[in-house]
Amino acid sequence: MKVLVACEESQAVTIELRKLGHEAFSCDIKDCTGGHPEWHIKGDVIEQLDKGWDMMIAHPPCTFLSVSGARWLYNKDKTRNEDRWKKRELALDFVRVLMAAPIPKIAIENPISCISSQIRKPEQIIRPFMFGEDASKATCLWLKGLPKLEPTNIINPTTHTTKSGKVYDAWWFKSSLISNLEDRSAFRSKTFKGVAKAIAEQWAGSND
């Protein structure tokens, strides 16, 4: 199967697909960090959508889409942050293009975001602890031609309680200790290995 993994520099899903024998390529405007540049297309993924792919797994940037970033849509004086609104619309347009790509099987992955209210609700919401990963981050999946993912190893995620008594997901608290905002964002956006493995096995299977 020929698979495009859009907006993926970590190559987490690409590597799992390659293990199963598929012709998978990550694509991102950034250099890959997964150690396999030979499986990476550096550039605008829009230019790759009509290259005869059988399936696409897309991870569009969530900076201007996520619900957690909605507070930046307005300035401190309650006026609209027009630049932020424009960037949100551009991000939504990018998602629409991905969803309309001429590819038989498509999965769009994003955290809780405005995609649900501005385009359509997701077919499924998964959490890493459903796939053996110690985190509870909610991830939405918009699917075309693909079934919902089945949990593979449900565990109880650990938590961290601060001195003030607030309880956080341990994974999320760990990420908050990363001082560099860009590095913190990159850490939080990477696909968990358990989830990547489930995606490859359940949506692609062995290519032997």
Side-chain angles (χ1 to χ4, degrees), residues 1-63 65 90-111 113 115-116 119-128 130-133 137 139-153 186 189-208:
M1 186 179 289
K2 187 178 178 182
V3 187
L4 175 66
V5 189
C7 311
E8 186 197 47
E9 51 78 21
S10 71
Q11 298 191 297
V13 175
T14 299
I15 289 171
E16 294 300 323
L17 286 164
R18 284 279 176 169
K19 288 179 182 178
L20 297 177
H22 296 284
E23 186 183 352
F25 289 90
S26 55
C27 181
D28 202 290
I29 57 174
K30 300 178 181 178
D31 290 325
C32 66
T33 59
H36 292 280
E38 71 276 17
W39 301 341
H40 187 67
I41 302 170
K42 184 178 179 181
D44 186 351
V45 71
I46 301 299
E47 299 175 358
Q48 303 298 323
L49 299 182
D50 61 351
K51 304 296 184 183
W53 306 96
D54 299 305
M55 180 166 69
M56 175 175 67
I57 313 298
H59 311 276
C62 63
T63 304
L65 297 170
L90 290 173
L92 284 168
D93 286 343
F94 180 59
V95 172
R96 292 186 182 99
V97 171
L98 294 177
M99 286 183 171
I103 301 172
K105 299 178 180 181
I106 296 175
I108 308 291
E109 175 274 336
N110 230 240
S113 72
I115 296 175
S116 297
I119 302 179
R120 64 180 173 86
K121 294 185 180 301
E123 275 65 44
Q124 184 179 20
I125 297 177
I126 62 171
R127 295 178 184 274
M130 298 164 64
F131 305 91
E133 298 287 350
K137 174 189 176 184
T139 299
C140 298
L141 299 175
W142 289 264
L143 307 174
K144 169 190 169 185
L146 292 168
K148 294 180 180 179
L149 288 177
E150 295 290 336
T152 57
N153 178 26
S189 67
K190 290 187 184 299
T191 303
F192 288 88
K193 184 174 181 178
V195 176
K197 191 171 186 290
I199 286 173
E201 293 180 350
Q202 295 183 34
W203 287 345
S206 176
N207 199 40
D208 294 337

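For clarity, every value in this text was computed on a predicted model and none was experimentally measured.
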Tell me which donor-acceptor pairs under 3.5 Å the side chains of residues 51-60 have, and how far apart each pair is, sequence neighbours excluded?
| residue | atom | partner | partner atom | Å |
| --- | --- | --- | --- | --- |
| W53 | NE1 | Q48 | O | 2.6 |
| D54 | OD2 | K2 | N | 2.8 |
| H59 | ND1 | E109 | OE1 | 2.7 |

**Prompt:** Partners of F94 by ring pair (Phe, Tyr, Trp, His ring centres under 6.0 Å), sequence neighbours excluded?
**Reply:** none
**Request:** Could you list all the side-chain hydrogen bond (donor to acceptor under 3.5 Å, both in side chains) pairs where at least one residue sits in residues 25-35, not counting sequence neighbours?
**Result:** E9-T33, Q11-S26, S26-H40, D31-K42
**Set of side chain to side chain donor-acceptor pair (under 3.5 Å) partners for E47, sequence neighbours left out** = none
**Message:** Tell me every residue that passes side chain to side chain donor-acceptor pair (under 3.5 Å) with T14, counting only those two or more places apart in sequence or in another chain.
**Reply:** E8
**Beyond-backbone contact of L146 with I106, side-chain heavy atoms, under 4.5 angstrom** = no
**Message:** Among residues at least two apart in sequence or on other chains, which ones pass side chain to side chain contact (heavy atoms under 4.5 Å, CB included) with P104?
**Reply:** none
**Request:** Report the residues that fulfil salt bridge (Lys or Arg N to Asp or Glu O under 4.0 Å) with E123, sequence neighbours left out, ordered by chain and then residue number.
**Result:** R120
**Message:** Once salt bridge (charged side-chain N to carboxylate O under 4.0 Å, His left out) is applied, what residue pairs with a partner in residues 96-107 remain, sequence neighbours excluded?
**Reply:** D93-R96
**Request:** Return each pair, listed once, that meets salt bridge (charged side-chain N to carboxylate O under 4.0 Å, His left out) where at least one residue sits in residues 15-26; pairs must be two or more places apart or across chains.
**Result:** E16-K19
**Prompt:** CG of L4 to CG of L98: how many Å apart, nearest 0.5 Å?
**Reply:** 9.0 Å
**Request:** State, with a plain yes or no, whether a side-chain heavy atom of P122 is found less than 4.5 Å away from one of L141.
**Result:** no
**Request:** Could you pull out all residues at least two apart from D50 that satisfy salt bridge (Lys or Arg N to Asp or Glu O under 4.0 Å)?
**Result:** none
**Request:** Could you note down all residue pairs passing ring pair (Phe, Tyr, Trp, His ring centres under 6.0 Å) where residues 7-37 supplies at least one of them, sequence neighbours left out?
**Result:** H36-W39
**Complete:** Hits for salt bridge (Lys or Arg N to Asp or Glu O under 4.0 Å) against K197, two or more places apart or cross-chain, chain-then-number order -> E201
**Distance (rounded to the nearest 0.5 Å) between S10 OG and I15 CD1** = 7.5 Å
**Message:** Quick check: do I199 and L17 have side-chain heavy atoms less than 4.5 Å from each other?
**Reply:** no
